[in-house]
Amino acid sequence: MNSLEIYVENISKQFKDVLALDDVSMRFENGNLYGVIGPAGAGKTTLFRIMLDLLRANTGRIVYRKSGRDVRYTQIQENIAYMPQSQSLYSDLSVAEHLDFFRKLYGLSDADFEHKKRELLHLARLDEFADRPAGKLSGGMYKKLGLICALLRSPQIMLLDEPTNGVDPISRREFWDLLHGARNQGILVLITTAYMDEAERCNRVVMMERGRVLAVGAPEELLDKYNSHNFDELFLKRAEALDE
């Protein structure tokens with residue numbers, strides 16, 4: 001599999017009188033699970049939309065790199081799966097019918113589909129709920145269905161915008177197990193979250209506040225560097241430093 005990486009270089013985005021992103025730079029390298037962490041208004045969703053070519057930045061650029069070579073977004077678009085904050089699954093379609101819908105959308109062969117369907121339903125613990133309509137799933141099950149529909153196309157990069165928001169603790173844990181499983185398959189996983197405790201579930205963290213980057217690194221390294229016991233404490237320290 002060719003490696004895909006994303007480089008964010010000096011991105012700024014202004015919405016009227018709101019500076020959503022302020023000269024932001026970071027890189028997302030193959031084989032990692034990144035948590036882009038910060039409260040509402042930090043710029044996380046805006047960043048994702050610019051990376052997906054859904055918004056235009058005022059300044060800066062996004063560089064997509066495939067096996068060491070810069071490529072256009074249109075050249076790797078099919079290799080990227082995106083889960084927005086508000087998923088639009090069909091409430092009257094069952095779990096199995098959703099997977100079949102996305103099979104047709106992605107053009108998967110019957111043999112590939114049947115194998116991946118069984119595997120994904122088992123991993124998401126949705127085997128027993130294949131006939132249940134999406135509108136009757138719990139919040140956590142609904143999010144897991146959205147994730148396995150995205151995984152069905154075997155993406156190389158996944159961008160998930162606050163997928164665990166409002167999900168119960170058990171479903172959150174199961175959802176993270178799925179994300180780590182995706183990373184172990186070589187998928188570059190990027191997730192935004194406002195939950196500070198989820199930082200330690202990632203192997204790389206980008207902390208953001210008011211459109212600026214507060215800290216970047218491995219969780220344990222950041223806690224040690226800023227002499228913090230947890231990420232709530234770390235965030236407050238870095239946010240205060242931003243105001244100085």
**Prompt:** Given Y142 and S171, is the side chain to side chain contact (heavy atoms under 4.5 Å, CB included) satisfied, shown in steps?
**Reply:** CA-CA 10 Å; Y142 187 91; S171 292; over 6 Å; no
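- Here the OG atom belonging to S3 is positioned 10.0 Å from the CZ atom belonging to R65, to the nearest 0.5 angstrom.
- Counting non-hydrogen atoms of neighbouring residues, nucleotides and ligands closer than 6.0 angstrom, the CD atom of E29 exceeds 12 such neighbours.
- For Y73, the OH atom is densely surrounded, since the number of other residues' heavy atoms within 6.0 Å is greater than 12.
- Between D22 atom CG and Q14 atom CD the span is 9.0 Å, to the nearest 0.5 Å.
- There is no path of hydrophobic side-chain contacts, each under 4.5 Å, that joins L19 to V213.
- Taking a 6.0 Å sphere around NE2 of H180, one finds it holds more than 12 heavy atoms contributed by other residues, nucleotides or ligands.
- Rounded to the nearest 0.5 angstrom, L4 CG and Q156 CD are separated by 4.5 Å.
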| task | Run the numbers on M208 and V36 for side chain to side chain contact (heavy atoms under 4.5 Å, CB included), then give the verdict. | result | CA-CA 7 Å; M208 296 185 66; V36 182; 3.7 Å; yes
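- No more than 12 heavy atoms of other residues, nucleotides or ligands shown are found within 6.0 angstrom of CZ on R125.
- Taking all atoms of both residues into account, the shortest heavy-atom contact from P155 to A150 is CD-O, 3.6 Å.
- Atoms CG and CE, on L236 and M196 in that order, are 8.0 Å from each other to the nearest 0.5 Å.
- Hydrophobic clustering (side-chain heavy atoms under 4.5 Å, transitive across Ile, Leu, Val, Met, Phe, Trp, Tyr) keeps V167 apart from M141.
- Across every non-hydrogen atom of R183 and N203, the tightest pair is NH2-ND2, 3.4 Å.
- Within the 4.5 Å cutoff, the side chain of L52 has heavy atoms near those of the I80 side chain.
- Side-chain contact annotation: D131 with S94, donor-acceptor N/O pair under 3.5 Å absent.
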Exercise. May I have the step-by-step check of side chain to side chain contact (heavy atoms under 4.5 Å, CB included) for N10 and S25, ending in yes or no?
Key: CA-CA 5 Å; N10 307 109; S25 294; 3.4 Å; yes
Check your understanding: Between R238 and E209, does a salt bridge (Lys or Arg N to Asp or Glu O under 4.0 Å) hold up when you go through it step by step?
Key -> CA-CA 9 Å; R238 297 304 298 146; E209 166 70 334; over 6 Å; no
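- Here L147 contributes atom CG and L120 contributes atom CG; the two are 8.5 Å apart, rounded to the nearest 0.5 Å.
- Linking Ile, Leu, Val, Met, Phe, Trp and Tyr residues whenever their side-chain heavy atoms come within less than 4.5 Å leaves I191 and Y195 in two separate clusters.
- Cation-pi geometry between K116 and F113 is not met at under 6.0 angstrom from the ring centre and within 45 degrees of the axis.
- Between the side chain of H98 and the backbone N or O of L145, no donor-acceptor pair lies under 3.5 Å.
- Side-chain atoms of T164 do not come within 3.5 Å of backbone N or O of R172 as any donor-acceptor pair.
- Judged by distance alone, the side chain of Q75 and the main-chain N or O of R72 form a donor-acceptor pair under 3.5 Å.
- Of the charged side-chain nitrogens involved, none lies within less than 4.0 Å of a carboxylate oxygen, so that D112 and R103 do not count as a salt-bridged pair.
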Run the side-chain donor-acceptor check on residues 219-227: report pairs under 3.5 Å with partners two or more places apart or on a different chain.
none

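- Shown here for L214 and A239, the closest heavy-atom pair between the two residues is CD1-N, 4.1 Å.
- Shortest non-hydrogen contact noted between A199 and V205 is O-CG2, 3.5 Å.
- A heavy-atom distance below 4.5 Å is found between the side chains of L99 and I148.
- Transitive grouping of hydrophobic side chains (ILVMFWY, heavy atoms separated by less than 4.5 Å) keeps V63 and M51 in distinct clusters.
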Test side chain to side chain contact (heavy atoms under 4.5 Å, CB included) applied to V206 and I37, step by step: CA-CA 6 Å; V206 178; I37 297 172; over 6 Å; no
As a quick check of understanding, evaluate salt bridge (Lys or Arg N to Asp or Glu O under 4.0 Å) for D177 and R173, giving each step before the final call.
CA-CA 6 Å; D177 288 342; R173 185 173 64 246; 5.4 Å; no
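- For the atom pair L234 CG and H229 NE2, the distance stands at 12.0 Å (nearest 0.5 Å).
- Within the 3.5 Å criterion, the main-chain N or O of L47 finds no donor-acceptor partner in the side chain of K13.
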Passes salt bridge (Lys or Arg N to Asp or Glu O under 4.0 Å), E9 versus R27? Steps please. CA-CA 8 Å; E9 299 182 350; R27 60 186 185 183; over 6 Å; no
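- With N32 contributing its side chain and Y34 its backbone, the two residues share no donor-acceptor pair below 3.5 Å.
- Scored by the salt bridge (charged side-chain N to carboxylate O under 4.0 Å, His left out) test, K143 finds no partners at all (sequence neighbours excluded).
- Following chains of ILVMFWY side-chain contacts shorter than 4.5 Å, one can reach Y106 starting from I187, so the two form part of one hydrophobic cluster.
- Between T45 and D161, the side chains place a donor N or O and an acceptor N or O closer than 3.5 Å (distance only, hydrogens not considered).
- Counting only N and O atoms by type, the side chains of T193 and E198 include a donor and acceptor under 3.5 Å apart.
- Side-chain atoms of Y7 and E5 include a donor-acceptor pair closer than 3.5 Å.
- Between K136 and D92, none of the side-chain N atoms (NZ, or NE/NH1/NH2) sits under 4.0 Å from a carboxylate O, so this pair counts as no salt bridge.
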